[in-house]
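Here the structure is a predicted model, which is why all the values come from computation and not from measurement. Both backbone and side-chain heavy atoms feed into the values below; hydrogens, waters and symmetry mates do not.
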Amino acid sequence: MEAKIKLGADGIDASSVVNEILSTVEEKRRRGVYDDARVARAERCNILTLKDDESFMEQYLACLRQIIPVDMNDFEIFEKRSRFSKLFVSVKKIIWKLLKFYTYRMWSQQNQSNSLLLAAIEIQEDRHRREMNALRERIAKLESER
């Protein structure tokens, strides 16, 4: 692999630094360190660099599986303004408690829709993969009969 990182300083072996970075990344990838949803969101920008269709779909579906759930957990409410901050936080908490029921309903419906869409994509991908394998076997069989 050709290094895309250029380092230049006295006493630094650039190729060994790049090789160390690449090996560390590969080791972390094997251990699953990069299987976090935040990394999946960052990786979707890099998904075009995958080598073939199969690895593309595997990575794409893995990213989708990680990012489809909408986080329904409560969050900390804070106020940046120092003046009347306790009052603002209290008002925001009251508003959140009043709206929580409706937002949970929307989020749960969104999670359900996301899950159904992902399932449909996975079913289509599986069907496509089986059809392609069957066609490849058929072509191989026809070519061997020649």
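Residue Met106 is not grouped with residue Leu116 when hydrophobic side chains (ILVMFWY) are merged at heavy-atom distances under 4.5 angstrom, including chains of intermediate members.
Glu20 meets the salt bridge (Lys or Arg N to Asp or Glu O under 4.0 Å) test with no other residue; sequence neighbours excluded. Residues satisfying the ring-ring contact (aromatic ring centres under 6.0 Å, His included) criterion with Phe84, sequence neighbours excluded, are absent altogether. Residues meeting the side chain to side chain contact (heavy atoms under 4.5 Å, CB included) test with Leu117, sequence neighbours left out: none. Applying the side chain to side chain contact (heavy atoms under 4.5 Å, CB included) rule to Arg127 yields the partners Gln124, Arg130, Glu131; only residues at least two apart in sequence or on another chain are considered.
Between Ile67 and Asn114 the shortest side-chain heavy-atom distance does not fall below 4.5 Å.
Separating the CD1 atom in Ile121 from the CZ atom in Arg65 is a distance of 10.5 Å, to the nearest 0.5 Å. Interatomic distance, Ile95 CD1 to Lys93 NZ, rounded to the nearest 0.5 Å: 13.0 Å. Rounded to the nearest 0.5 angstrom, Ile123 CD1 and His128 NE2 are separated by 15.5 Å. The CD1 atom of Ile68 sits 10.0 Å away from the CD atom of Gln110 when rounded to the nearest 0.5 Å. Atom OG of Ser16 and atom CD1 of Ile21 lie 9.5 Å apart (nearest 0.5 Å). The distance from atom CD of Glu122 to atom CZ of Arg129, rounded to the nearest 0.5 Å, is 10.5 Å.
Here salt bridge (Lys or Arg N to Asp or Glu O under 4.0 Å) pairs that include residues 98-109, with residues two or more places apart or in two chains, are Asp74-Lys100.
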Can you give me every donor-acceptor pair (side chain of residues 135-146, partner residue at least two apart or in another chain, under 3.5 Å) with its distance?
from: Arg136; atom 1: NH1; to: Asn133; atom 2: OD1; distance (Å): 3.4
from: Ser144; atom 1: OG; to: Ala140; atom 2: O; distance (Å): 3.4
from: Ser144; atom 1: OG; to: Lys141; atom 2: O; distance (Å): 2.8

